[in-house]
> 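Would you mind keeping the following structure in view while I ask a few things?
One-based numbering, in listed order, for ligands and for the atoms of each. Below, each value reflects all heavy atoms present in this structure, side chains not excepted, and no hydrogens, waters or symmetry copies.
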Amino acid sequence: MGPGGVTGGSWRHPDDTSAAYLTIEHWTGLARRFEDAGLDFLFLADSYGYPTLHDRVIDLAVADAINFPAADPVVLVSAIAAATSRLGVVVTASTTVDKPQVLARRFATLDHLTRGRIGWNIVTGAAQASSARLFGEQMMPHDERYAMAEDSVQLALKLWETSWEDDALRLDKAGGVHADPAKVHEIDHEGPYFRAHGLLTVPPSPQRTPLLFQAGTSGRGRDFAATYAESVFLAGGDPDHVAANIADIRRRAVGYGREPDAIKFLVGAMFVTAPTEAAAQAERQRMLDLSTLENAAAAYAFFTGLDLLAMDLDGPLTGRTQQGQSSVDRFTGANGAPVATVRQVLEDHRRNGVNGTVFVGEPEHVVDQAEAFVQRTGADGFLVQPYVTPGTYDDLIDLVLPVMRARGLAKEAYEGATLRAHLFGAGRDRLPASHVGRRTAPERAAMV
Ligand SMILES: Cc1cc2nc3c(=O)[nH]c(=O)nc-3n(C[C@H](O)[C@H](O)[C@H](O)COP(=O)(O)O)c2cc1C
């Protein structure tokens, strides 16, 4: 919920309207447009952090709006819910920052207010160094943040799935029973980070548990996704690396007793298109003219804490990070990824932004590329990201979607009423029985 798109300097594009991000009309206008086009959901990314290096704010990030500023997107969801009736809304919340009891109550409320259209993108948080500074804390090590995320989600799942029985809410005015005390239960949780003994104060919502998304494909992130996620956002880029990550998460999910198709994999991607190939290439050039190696380096620092400009540009990318590891793994040979030089990493981020995949060309051509990418990786779809608002979305809806629909690659209409049904089909409003959140305590203990 900030200005600009996923590549550097796009807020400076003369047609970009994202500076209006602090007005409700900006978002409700986009949401209605997406709903009219039949898109599954609108995604609002989030982080408390901002780009820093060596314990200092990067001036260029402030000057050129690189992952900064960013308002709180959860607050916006009700406005979007009021302006739409079918579109899903997915919002990021970090398990490192918010307590699970707060998250469970907030998402249960939002599931009611959206009538079952809310999704939670569970993250341990990008830009952890600055986020920890803001909260006056030491940065928690990477894998420990994921251990804390597990504890958080397990507690939230107990509140959503077990605190209220389905028929607990009676609304019996004559009998004087609003809710049946015998069917509302305090949950117990004794975890390494969180403890709880209490009730969810919100009755069961259409989905009970919000649709669970996860983003972050470090080794620990993949295991977390395999256990809890119903949909995973992945960075694009090298198709073999993306394919290896998807295959690995699917394999682990099956190991946890889930179906092979229990998770929908959505790859971050951008479509730069126009009615003719020449016009599309001209727009791509305009995009590249706005984006510099310096603002790419600041964006990379936001995700990883690594200072690319201080490294040997012609040497290989090296160095471990306790911040986001996916953006390092993509360039250091992990899981089928190519080994890149520091200059190549910078240039990749300058051209493609953090999520790596940009399809450029006239509509038939970009759909050819997208179709080939899906076939090669096993992905289920794309998380479409903007370069220019609303231009990127207009082009997607007016030029790309009709070609996809003509080829049978995109749905014609919404399925079901809830966000879970949009992704998994009508009738699938709640967590499936194979999900860890639906298992009994002894079953859970045997699994994890
Ligand atoms: C498409 C996409 C969207 C993401 N959205 C967010 C977000 O909103 N907030 C966030 O902190 N991290 C987000 N991430 C994840 C971070 O990039 C980062 O990978 C993660 O927070 C750290 O986990 P890791 O070490 O497993 O990579 C997103 C990733 C992708 C691919």
> Should the ring pair His349 and Phe331 be called parallel, tilted or perpendicular, given that the plane angle runs from 0 to 90° and is split at 30 and 60?
tilted
> Just one of Val90, Ile118, Leu87 clears the side chain to side chain contact (heavy atoms under 4.5 Å, CB included) bar with Leu419, so which one?
Val90
> Among all protein non-hydrogen atoms, which one is nearest to atom 11 (O) of ligand 1, and what is the separation to 0.1 Å?
Ala126 N, 2.7 Å
> Is the NZ or CZ atom of Lys99 both under 6.0 Å from the centre of the six-membered ring of Phe194 and within 45° of that ring's axis?
no
> Report the nearest protein non-hydrogen atom to atom 9 (N) of ligand 1: residue, atom name, distance rounded to 0.1 Å.
Asp46 O, 2.8 Å
> What residue and heavy atom of the protein are closest to atom 12 (N) of ligand 1, and at what distance?
Val123 CG1, 3.6 Å
> Should you measure from each heavy atom of Leu234, which atoms of ligand 1 turn up under 4.0 Å away?
31 (C)
> Classify the ring geometry of Phe382 against Phe373: parallel below 30°, tilted from 30° to 60°, perpendicular beyond 60°.
tilted
> Check ligand 1 against Ala235 and write out every atom of the ligand that is under 4.0 Å from a heavy-atom position of the residue.
31 (C)
> Specify the protein heavy atom at minimum distance from atom 25 (O) of ligand 1: its residue, its atom name, and the distance to 0.1 Å.
His142 NE2, 2.5 Å
> At under 4.0 Å between heavy atoms, which part of Arg220 makes contact with ligand 1: side chain, backbone, both or neither?
neither
> With a cut-off of 4.0 Å, which atoms of ligand 1 are near a heavy atom of Ala45?
8 (O)
> Only heavy atoms of Phe303, strictly under 4.0 Å: list the atoms of ligand 1 that pass.
17 (O)
> A cation-pi test, strictly: NZ or CZ of Arg258 under 6.0 Å from the centre of the six-membered ring of Tyr256 and no more than 45 degrees from its axis. Yes or no?
no
> Do the charged groups of Arg286 and Glu283 touch, with an N to O distance under 4.0 Å?
yes
> Tell me whether the rings of Phe213 and Phe233 are parallel (<30°), tilted (30 to 60°) or perpendicular (>60°).
tilted
> For ligand 1, is there an N or O atom under 3.5 Å from any N or O atom of Ala215?
no
> Heavy-atom distances under 4.0 Å decide this one: backbone, side chain, both or neither, for Thr217 against ligand 1?
backbone
> Could you check whether the rings of His422 and Tyr414 sit parallel, tilted or perpendicular, using 30° and 60° as the cut-offs?
tilted
> Give the residue and atom name of whichever protein heavy atom lies nearest to atom 6 (C) of ligand 1, and the separation in Å to one decimal.
Asn121 ND2, 3.9 Å
> Using 4.0 Å as the upper bound for N to carboxylate O, is an ion pair formed by Arg252 and Asp248?
yes
> Protein non-hydrogen atoms only, distance under 4.0 Å: does atom 29 (C) of ligand 1 have such a neighbour?
yes
> So, are Asp143 and Arg220 salt-bridged, with charged N and O less than 4.0 Å apart?
no
> Looking only at protein heavy atoms, which one is nearest to atom 22 (C) of ligand 1, and what is the separation?
Gly324 CA, 3.8 Å
> For Arg222 and ligand 1, answer yes if some heavy atom of the residue is under 4.0 Å from a ligand atom, otherwise no.
no
> Using 4.0 Å as the upper bound for N to carboxylate O, is an ion pair formed by Asp261 and Arg250?
no
> Would Thr92 count as a polar contact of ligand 1, with the cut-off being nitrogen or oxygen pairs under 3.5 Å?
yes
> Quick check: Gln325 and ligand 1, any N/O pair under 3.5 Å apart?
yes
> Specify side chain, backbone, both or neither for Val354, according to which of its non-hydrogen atoms lie closer than 4.0 Å to ligand 1.
neither
> Once you measure the plane-to-plane angle for Tyr50 and Phe68, does it fall in the parallel (<30°), tilted (30-60°) or perpendicular (>60°) bin?
perpendicular
> Check this for me, if you would: do Arg33 and Asp394 make a salt bridge, where the nitrogen-to-carboxylate-oxygen distance has to be below 4.0 angstrom?
yes
> Which atoms of ligand 1 sit under 4.0 Å from any heavy atom of Gln385?
1 (C)
> Atoms of ligand 1 less than 4.0 Å from Gly216 heavy atoms?
19 (O), 23 (O), 24 (P), 26 (O), 27 (O)
> Charged N to carboxylate O below 4.0 Å: is that the case for Arg343 and Asp312?
no
> For the 3.5 Å polar cut-off, considering only N or O atoms, please tell me whether Ser218 and ligand 1 meet it.
yes
> Give the atom numbers and elements of ligand 1 that come within less than 4.0 Å of a heavy atom of Phe233.
1 (C), 2 (C), 31 (C)
> With heavy-atom distances below 4.0 Å as the criterion, list the atoms of ligand 1 near Tyr146.
23 (O), 24 (P), 26 (O)
> How close does the nearest protein non-hydrogen atom get to atom 19 (O) of ligand 1, and which residue and atom is it?
Ser326 OG, 3.4 Å
